[in-house]
2 protein chains.
Amino acid sequence: MVTIKDVAREARVSVATVSRALNGGARVTPETRTRIERAAARLRYVPLGAARSLVTRRTQAIGALLPDLFGEFFSELIRGIDLAARAHGLHLLVSSSHGDAGETAAALRAMQGRVDGLLIMSPHVEPGFLRKHLSDSLPAVLVGSASRERRCPRINTDDYGGACAMTGHLLAKGHRALAFIEGPAANFDARERRRGFAETVAGRRGVTASYLQGDYSEESGFRAGRALLAARKRPDAVFAANDMMAIGCLSAFNEAGVNVPGEIALAGFDDIPMARYMHPPLTTVRVRIAELGHAALERLVGQIATPETTAADLTTVPCEVVVRASCGARTDTAGR
Amino acid sequence: MVTIKDVAREARVSVATVSRALNGGARVTPETRTRIERAAARLRYVPLGAARSLVTRRTQAIGALLPDLFGEFFSELIRGIDLAARAHGLHLLVSSSHGDAGETAAALRAMQGRVDGLLIMSPHVEPGFLRKHLSDSLPAVLVGSASRERRCPRINTDDYGGACAMTGHLLAKGHRALAFIEGPAANFDARERRRGFAETVAGRRGVTASYLQGDYSEESGFRAGRALLAARKRPDAVFAANDMMAIGCLSAFNEAGVNVPGEIALAGFDDIPMARYMHPPLTTVRVRIAELGHAALERLVGQIATPETTAADLTTVPCEVVVRASCGARTDTAGR
DNA sequence: GGGGCCAATGTAAACGTTTTCATGGCGGAA
DNA sequence: TTCCGCCATGAAAACGTTTACATTGGCCCC
């Protein structure tokens, strides 16, 4: 392996000068600098991150702890985070697919000591979890988390508000028999979406609501769709807790020849890029996913820069109802 | 920050013993071990990766250099890589969205010295590129790359074979006027898919082929679909170089009230999870994306373990045609 | 012409960990 | 009882880099 010493020897200077020439830029004659740069290029020298981190106490990396990587939601989220991280010269470590709290804890521990900060999005973060498994000195930002944990800032989407708005929209369209396809009960955002729906329909005269289980996957939406069709009384409108389930549900309806929105209206949540290309295009609640990732990273960077500003504040990113054809509105291609 | 010295003091042993107790496991009395573990837990000690890497000369991390993170393809790929990496106790660094060769080179350099190996999937990797920007001593695996570069193993999907098979299938179904929606010309896989299509239709009597530009996005598929409908003579069948474009194209057809497959058949490539939930379900070429990521990582791990086995071999992962309703076959829900 | 100052470069310590080698103590065998 | 050997533990070096501090040399100003 070629080290800074090799470069120093090759350029006939000391290692300190090499370091200065390659990093700071200060206090080096132009000639020396080019001599060093030439030598470094010739030897294909690349500084060892570990050694640098050890002395600077910075890894220039942040970690993202994610629940799972299925579907477009997470590719969008990671994209947003990655882009923002690049802008700050930070590397991105991802870790996902933690089945239970134990695995999450293990992943959390493994990441510490390798990153300058952590973006945590996991259903397993319960009160006390972080206090137990996360070093006090490591900045972290919670994304979409229920728990008002310690000193961590949180960033959530307005799942509750979005679900209320969408439910209101469905009611305004005249739908009275509503069905809700739930996300995984472990997820805070899924619970919030359900709550928004439930509270909006509660006590409305002539409005009925039914609930079907789901786990955010297309497959579970498909099954829910079939179950709805098989039921004695079909709903007027179905609200799925995310777009992937809405798409699965739509597939079941299409397969059975049930017209959407003619016979049953349908709405989703997230506005993944694919939603507008469905047939019919999917009415949904837009979450600016990439922006969410971006905002979370920016918050984390702030936290790293000034750890003393350690406020357990909560940022809520607004959602907006995007009306397309699937809910019985006139076909609307706006925003395409 | 709490270091190994703090733990050593707390447990009244030397740092060497702490290191042994926490890592190796060898040569430590049970009592000492528990005392050390208790102390470590109490102090919430977590070893500093940088220091460890410096002496062991291993980072326990691998880097993935990706072109872009749009859509389900990449979330599937990252998922496959992440899962396999976890199984090996490796961390995953991702870097994406490199507009040009310069950015790719910068990302490549930045990753060296931080990882034990590299998974490279980028259209900008041309002959000589790696020789110039990649240290000889860093194991790397090329995914979906054209260039038979140096000592790097490569893993590709059988894009050519898959495209041939799908084109053959469309011809066998009786379609004669074919259209192909191309992927970005810079991508090797996109070129291979085009080549498979072009060579299969070449010289077939009574068969016409037309080509439309695309860039793998739903949006570009949508535009291509509209262009096809506006043309003087519509094709019998459209073959899109990936599923996202096929979905965009399908959306354009649906919007215009054009029946698929009745009036125009449609096929895609990749078999992203969403494909089977389209209306109609999408005939496509299945690429086991997560498995591809898994295989690439395994190959890389092998390369890291025994760098001397440095063969510039090529692994080709087979594809398979998945017939669903969109190509004019009877509706087939198999594999759902 | 000499002294002082500043800019360029060098020397060496420090970062936290692993690991090699040394050391001490204890048990068992003679 | 004595000696040998082994096992648990400790001391210290090493990893590659940055950076505070030291040193050199040249220039300007008096």
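By the salt bridge (charged side-chain N to carboxylate O under 4.0 Å, His left out) test, A/Arg191 pairs with no residue at all, sequence neighbours left out. Listed by chain and residue number, A/Phe129 satisfy the ring-ring contact (aromatic ring centres under 6.0 Å, His included) test with A/His133 (two or more places apart in sequence, or in another chain). Here A/Arg20 pairs with nothing under the salt bridge (charged side-chain N to carboxylate O under 4.0 Å, His left out) rule; sequence neighbours left out. In this view, B/Asn156 satisfies the side chain to side chain donor-acceptor pair (under 3.5 Å) rule with no residue, not counting sequence neighbours. Every residue meeting the salt bridge (charged side-chain N to carboxylate O under 4.0 Å, His left out) condition with B/Arg288, not counting sequence neighbours, appears here in chain and number order: B/Glu320. For A/Asp159, the salt bridge (charged side-chain N to carboxylate O under 4.0 Å, His left out) test picks out A/Arg193, with sequence neighbours left out. Contacts of A/Gln112 classified as side chain to side chain donor-acceptor pair (under 3.5 Å), with partners at least two apart in sequence or in another chain: none.
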Between protein and nucleotides 8-12 of chain C, what N or O pairs are separated by less than 3.5 Å?
residue, atom, partner, partner atom, Å
C/dA8, O3', A/Thr29, OG1, 3.2
C/dT9, OP1, A/Thr29, OG1, 2.8
C/dT9, OP1, A/Thr32, OG1, 2.6
C/dT9, OP2, A/Thr29, N, 3.1
C/dT9, OP2, A/Thr29, OG1, 2.7
C/dT9, OP2, A/Thr32, OG1, 3.3
C/dG10, OP2, A/Ser14, N, 2.6
C/dG10, OP2, A/Ser14, OG, 3.0
C/dG10, OP2, A/Thr17, OG1, 2.8
C/dG10, N7, A/Arg20, NH2, 3.0
C/dG10, O6, A/Arg20, NH1, 3.2

Check the interface with nucleotides 24-26 of chain C: list each N/O to N/O pair with the protein under 3.5 Å, or write none.
none

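C/dT19 atom C1' lies 17 Å from atom CZ of B/Arg58, rounded to whole Å.
Contacts classified as side chain to side chain donor-acceptor pair (under 3.5 Å) and involving residues 76-86 of chain B (residues at least two apart or in different chains) are given here: A/Ser96-B/Asp82, A/Glu103-B/Arg86, B/Glu76-B/Arg79.
Nucleotides of DNA chain D lying under 4.0 Å from heavy atoms of chain B occupy a range whose first and last members, 5' to 3', are D/dC7 to D/dG16.
Taken over five-pair windows at either terminus, the axes of the helix from C/dG1-D/dC30 to C/dA30-D/dT1 are inclined to one another by 50° (rounded to 10 degrees).
With hydrogens and angles left out, the side-chain atoms of B/Glu298 and B/His88 include a donor and acceptor closer than 3.5 Å.
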